[in-house]
Each structure stands twice: as C-alpha cells, then as structure tokens.
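The structure appears below as structure tokens.
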Number of protein chains: 2
Amino acid sequence: MDASIDGNGEGARDQLIRVAIDLFAENGYAGTSIRDIAKRTGKSVSNVYHYFQNKEDLWLAIIGKTVNELPEKLRKVALSEGEPVERFVRLMKTHLAEGVNFQQETKIFFINEGSLSPQGRTSNRRIQKEILDIYVGQLRLLQSHGLIRTKNVKILAFNILGVLNWHLRWFNNEGELSAEDVHNEMIDFILYGSCGLPRDGMK
Amino acid sequence: MDASIDGNGEGARDQLIRVAIDLFAENGYAGTSIRDIAKRTGKSVSNVYHYFQNKEDLWLAIIGKTVNELPEKLRKVALSEGEPVERFVRLMKTHLAEGVNFQQETKIFFINEGSLSPQGRTSNRRIQKEILDIYVGQLRLLQSHGLIRTKNVKILAFNILGVLNWHLRWFNNEGELSAEDVHNEMIDFILYGSCGLPRDGMK
DNA sequence: AGAAGGCTAGAACGATCGTTTTAGTCACGT
DNA sequence: ACGTGACTAAAACGATCGTTCTAGCCTTCT
C-alpha cells in the first residue's frame, strides 16, 4: 500500500497540519495549544512532536508551502511577457487566486506576527516586504508609461495590498458570487483607483 | 493636590492601560501576560487586579473609549447635512483621523478576535458589522444618485474598508509625509475606484 | 488616637503551557 | 526468530498562566 496514504485517506502528518490551520485561524498561534491540536485530531501530544520539532516548526510547515512561496509565484508573473496593464491584472489575479487557495494560511500569517520567535518574525516581515516591492516595481513600470495618476506609488501599493489582503477576511468561497466575479470587481476597483481607468481589453 | 494626577503626571490606571496597549500590540492578547504588564510598569500583579477585574476587563477598558465609539462617530457624519460625495469624503476623513488617533488600539482590535471570550467576540463582530453597514448605506445613497460604477456595493464597501484598515498597519505618523497628504491620496484612490471620479470640489 | 479604605507588594493556588521521557505496538528486513 | 525503526500513548517535568490571598503602608475622617 502507498506509504503516504493510510486507511482513512489522509496521512497523520497532513491531518495534524489541517487541524492546526483550523485552530490557529480560530484562536491564534498563542491561543492554540499543542494539546488542543492533539485532542481534535484524536491523536496524542507526542504524536505532534513525532512529526514536528516544536510548535513553531509546525507553524513553519503550514506557512512554508503556501505563503512562503507566494513572492516567487508573484515575481514570476511580474517578470513575464505582455502588455504592462494586462500583466498587472494577471499579477493581481494570481495573488487573489492564491489567497483563495490558502485563505486560512494567509490569514494566520497576517494575524500572528507578534507571537513568533525573532527568526519567525523576521522571515514574516521579509515576505511582506518582498510582495510590497513586487507591486511597487509594477507600479513604477506603469508610471513610466504614464498610466498612473499619482506620484507616490508606495501609498498606491499599500492601498492595493489593503484591498487584496482584506479580502481574506471577508471572502466566502461558498457564497453566491463566484470567486472570479468578485475578483474582477476588486481588480476594477483597483485599476480605477490606480490609473483612473477600467481594465483594458479584458473580458 | 489633584487626585487624578500623581507625582510623575500620570495616574497608575492610565499607565497600566498605556503599557497594556503597547504589549498587546507587540505580542497580541494571548501573548501578553498580566505579569508582563506589571513588570513593564514597575508595579505589581495585584495592582493590575486592583484597577481591573480581570484580563479581559483590561482589554475592554482599552477598546471601550476608542474603537467602541467609532461606529457612533461615523454614524454622526453619515447622517449629517451636505452633498453626498462631500459627506462621503468627510466620513472617510473622520475614519482615518480616528485610526491615527487610536492606531494601536484599532490594530489590536483587528488582530486578537480569536483570543476573546464569546461575549467579547460577539461585541467585536457587532462593531465591525456596524461600520460596514454605515459604508454600505452611504454607497447606496451615492448609487441612487448614479455616482457608483458597479452594482454590488457590499464588495465596494469591503474594498474601501480594506484600504482604510490596512493603513493602520503601515502608516507611520512620524514619517515625512503629513497624515493629511497621505489620507488625501487614499481617498482619491477610493473615489476613483468607487465612482471613477476624483474628489469633487475639494481642495 | 484610632478606624477605614485606597493602593501596593509578595506569596501562593490550581490550571495549563511546551516539551521530554518512558514504554508500548506493529511492520519489515535479516 | 530477532532486532530495528516508525508510530503512538501516557505520564511527568519545570515554567508560566490568570487569579486570589494576606498583609503592609499611607492618607483621610472622626
């Protein structure tokens, strides 16, 4: 039998991660104990410590495959071919799609900065800085094409990230509107706010 | 001597609140212990319990005079006289000014939902709902004047609140740009995004 | 002088925290 | 058959948590 699949179709390690994500999102990092996680999985405390070195290691395992890889994914889009505005739209669509994919993980990422070790805190800040820089870079490019209304692209980038990141708090993928519809409205809002113009040549 | 003023010009209770705000903002609610607060004030643990019934009571004392009163302040502006767009701008300026006034308190408010008691959690949600409703109401009014680009004002309200609330995370009042300049750029972004138009008749 | 009460400190209580230790089961290679 | 190593459970460790208890100071009123 496949070693990565057990009887109920989910490895013990994956189950621990899934439950930890739920609990971290509900009660925060400091507000969630190892015993809470063990209890909800039906496993024992030592089981957690068999798969993870400590609590922060479990945290990093959650962030590692999701938020940590976000800057690289966004950079790939930012450096891709295409017309500037269209690429900018693609950048935001990628960003929003990742947000829906890893909604809880990203929410956790933003909410629990204060409870981490100094290394975790630094890594957290670095990721946010990288993402900000990607947007600032794209906005400067658009600005050089005369497409941006204002001078201060950094404020603009913060505004855009506010819209994109806040969406993690309110968007419900089980709602009546499709993610694509919601995202298109958000992107229109941002494009009007940034360029004073609607999306260009997009369907 | 005035009973509310002690030797160093700050009452013990006020000092405890001030330090608690700092620590809650740094390490979160669950991540901050009563002993941490006592230690930084130089006072004892029982001193905290002399002025506050328990930890959550201290939390509520912090939120009580700041975030709790925000919906009422915004509602007052929302119900005031004036031209719709101008009033909408005044609403956001008030919102942003309060955010700068109580930046740490409001940040705490958003970050620590998960660590509160059920009552605290409910009250937290209620406040956020009230603020959302105020913006939805204003947007509907603007919509009835034909000033809104889109149909779904709720998404629009979330986008706006994203911009306004995210600003609590990055804005530094000691920076080179004045709060007014930054806020005007933010409001322009929102107005373009919402109406497709710049501020009207504003200086 | 003496009682009362606001304010403070320090010790103590039971609970819970993250983590470690000990021990057990089971599958598998030799 | 035997040992090895992955996995799991339960108990225990020291530290820290929120909170309470006891007791002391100091001011104010009588």
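Order of the sequence lines fixes the chain letters, A, B, ..., with proteins taken first and strands second; residue numbering starts at 1 for each chain.
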Just to confirm, is there a sub-4.0 Å distance from OP1 or OP2 of dC7(D) to any side-chain nitrogen or oxygen of His50(A)? yes
Look at all strands and tell whether Ser46(A) reaches a base, only sugar-phosphate, or nothing, counting heavy atoms closer than 4.0 Å. base
Quantify the bending of the helix from dA1(C)-dT30(D) to dT30(C)-dA1(D) as the angle between its end axes, each fitted on five pairs, to 10°. 20°
Length of the line joining Gln15(B):CD and dT8(C):C1', which is rounded to integer Å: 13 Å
Considering all heavy atoms of both residues, which atom of Gln104(B) and which atom of Ala25(B) are nearest to each other, and what is their separation? NE2-CB, 3.7 Å
Salt bridge or not between Asp14(B) and Arg18(B)? Use side-chain N to carboxylate O under 4.0 Å. no
Presence of salt bridge, Arg90(B) and Glu86(B), under 4.0 angstrom: yes
Minimum-distance nucleotide (side-chain atoms of Ser44(B) versus dT19(C), dC17(D), dT8(C)): dT8(C)
Can you tell which of dT8(D), dC13(C), dC17(C) lies closest to the side chain of Arg35(B)? dC13(C)
Does CD belonging to Glu26(A) count more than 12 external heavy atoms closer than 6.0 Å? yes
Would you kindly give the NZ-to-P distance between Lys55(B) and dT16(D), to the nearest whole Å? 15 Å
Using a cut-off of strictly less than 4.0 Å, decide whether Asn47(B) has a side-chain nitrogen or oxygen near OP1 or OP2 of dT8(C). yes
Indicate whether OP1 or OP2 belonging to dC7(C) is found under 4.0 Å from a side-chain N or O atom of Tyr49(B). no
Should the pair Lys65(A)-Glu105(A) be classified as a salt bridge under the 4.0 Å nitrogen-to-oxygen rule? no
Find the distance Lys39(A):NZ to dT16(C):C1' and express it as a whole number of Å. 10 Å
From CD of Glu56(A) over to P of dC17(C), roughly how many Å is that when rounded to an integer? 18 Å
Salt-bridge contact Asp36(A)-Arg40(A) (side-chain N to carboxylate O under 4.0 Å): no
With respect to the side chain of Lys43(B), which nucleotide from dT19(D), dT8(C), dT19(C) is positioned closest? dT8(C)
Is there a salt bridge (charged side-chain N to carboxylate O under 4.0 Å, His left out) between Arg126(B) and Glu130(B) once you walk through the steps? CA-CA 6 Å; Arg126(B) 200 203 65 241; Glu130(B) 283 182 19; 3.1 Å; yes
CG of Leu116(A) versus C1' of dG18(C): gap in Å, rounded? 15 Å
Over how many whole Å does the gap from Phe52(B) atom CZ to dC7(C) atom P extend? 12 Å
Side-chain N,O (Tyr51(A)) to OP1/OP2 (dT8(D)) below 4.0 Å: yes
From CD1 of Ile34(B) over to P of dT19(D), roughly how many Å is that when rounded to an integer? 6 Å
5'-most by nearest nucleotide on DNA chain C - Gly42(B) or Tyr29(A): Gly42(B)
Using a 4.0 Å heavy-atom cut-off, does Thr41(A) contact any base of the nucleic acid, only the sugar-phosphate backbone, or nothing at all? nothing
